[in-house]
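A note on names: the letters A, B, ... follow the listed sequences, proteins ahead of strands, and every chain is numbered from 1. The structure presented is a predicted model; accordingly, all values stated were derived computationally and were not measured.
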2 protein chains.
Amino acid sequence: MFDEICPSDLSPIRFGDKWTGMVIRCLEGGPRRFSELRVPLRGITAKVLTKSLRTMERDGLVTRRAADRQVVYELTLLGRSMLAPMDTACAWAREHWDELLDAREGVADHRG
Amino acid sequence: MFDEICPSDLSPIRFGDKWTGMVIRCLEGGPRRFSELRVPLRGITAKVLTKSLRTMERDGLVTRRAADRQVVYELTLLGRSMLAPMDTACAWAREHWDELLDAREGVADHRG
DNA sequence: GTAGCCGGTATCCGAACGGATACCACCTGC
DNA sequence: GCAGGTGGTATCCGTTCGGATACCGGCTAC
């Protein structure tokens, strides 16, 4: 999923920790439950997702709401405001995709 | 210096490693020597700066040129192109400075 | 009662990050 | 000959990051 949304592995631009950017993308469409977030974030362990979400909560990017025997996470206005710089970053990465790739492959050619 | 240029400590947006964004800002005005970079980057050790610069070189953001018994680092076009998303990120951070600060202080109030 | 989902926590681990310190070769100026 | 600057490298160190694994209480379905 995220291979298509955002070419984030190669880009040097990061939003928060490894997963924060992807979590924000997952919450872009509305509130999501803990286990709903784990699906698109293939392979993330509960511990790591919990830690990311707690940090994001601390930083005012998401809210955690435990209601009616389920937990939902939702973007705050601040969290939602990060979508703009994220779009800029993704546009930059897409625009310079080839150059980024060339730089890494050049290294691979020389040393790998 | 960098406290004024970019409120980067509080912002969750990062470009490369800890120093990459600041190095790019330092090189914005033209080529700089190794020791010239160390001045504004107060406290950076030679090892860490070397590592940052080598990574940036590998990623095609800077060039290293050893000429006439001195070494100069210069932004590539790719490196220079990062100034645009960096400006966006800085603008975002400035715009949401108070919210970012509140989130952290709220934590400090509760737990610190 | 027991199997399963939900939303985690606890513990351990290896790798990477960032820094401190010491050291180095090379050249310049005195 | 010796101090000082330049552009590093080598070694060690504590912290953080991200992940693997095991386990947990609460609830539901059968």
Pairs: protein N or O with nucleotides 27-30 of chain C N or O, under 3.5 Å:
none

Is the shortest heavy-atom distance from the side chain of [X] to the side chain of [Y] under 4.5 Å?
| X | Y | result |
| --- | --- | --- |
| L83(A) | R25(A) | yes |
| E74(B) | V62(B) | no |
| T76(B) | S81(B) | no |

Item to complete: Flag yes if V23(A) and V39(A) sit in one hydrophobic cluster, no otherwise; membership is Ile, Leu, Val, Met, Phe, Trp, Tyr, and two members link when side-chain heavy atoms are under 4.5 Å apart.
Response: no
Worksheet, complete the sentence: By side chain to side chain donor-acceptor pair (under 3.5 Å), E95(A) pairs with (sequence neighbours left out) none
Discussion item. If the condition is side chain to side chain donor-acceptor pair (under 3.5 Å), which residues does E36(B) pass it with, not counting sequence neighbours?
Written reply: none
Worksheet item: Hey, does the side chain of R54(A) come within less than 4.0 Å of dT9(C)'s phosphate (OP1/OP2), counting only N and O?
Response: yes
Worksheet item: Would you say dG8(D) has OP1 or OP2 under 4.0 Å from some side-chain N or O of T50(B)?
Response: no
What integer distance in Å separates [X]:[atom1] from [N]:[atom2]?
| X | N | atom1 | atom2 | value |
| --- | --- | --- | --- | --- |
| M22(A) | dG18(D) | CE | P | 10 Å |
| Y73(B) | dT6(D) | OH | C1' | 11 Å |
| L49(A) | dT9(C) | CG | C1' | 14 Å |
| L37(B) | dG7(D) | CG | C1' | 12 Å |
| F34(B) | dC26(C) | CZ | P | 18 Å |
| R65(A) | dG7(C) | CZ | C1' | 16 Å |

Could you go through nucleotides 13-20 of chain C and list every protein N or O atom that sits under 3.5 Å from one of its N or O atoms, giving the distance for each pair?
residue	atom	partner	partner atom	Å
dC17(C)	OP2	K51(B)	NZ	3.3
dG18(C)	OP1	K18(B)	N	3.2
dG19(C)	OP1	K18(B)	NZ	2.5
dG19(C)	OP2	W19(B)	NE1	2.9
dG19(C)	N7	K47(B)	NZ	3.2
dG19(C)	O6	K47(B)	NZ	2.1

Item to complete: For P40(A) and C26(A), work out which heavy atoms get closest and say how close.
Response: CG-SG, 3.5 Å
Worksheet entry | Contact list for residues 69-94 of chain B, test ring-ring contact (aromatic ring centres under 6.0 Å, His included), sequence neighbours left out | W92(B)-H96(B)
Item to complete: Assign R64(A) to base, sugar-phosphate, or nothing according to its heavy-atom contacts below 4.0 angstrom with the strands shown.
Response: sugar-phosphate
Could you pull out every donor-acceptor pair under 3.5 Å between side chains of residues 46-53 of chain A and any protein atom, sequence neighbours left out?
residue	atom	partner	partner atom	Å
T50(A)	OG1	A46(A)	O	2.7
S52(A)	OG	D17(A)	OD1	3.2
S52(A)	OG	D17(A)	OD2	2.6

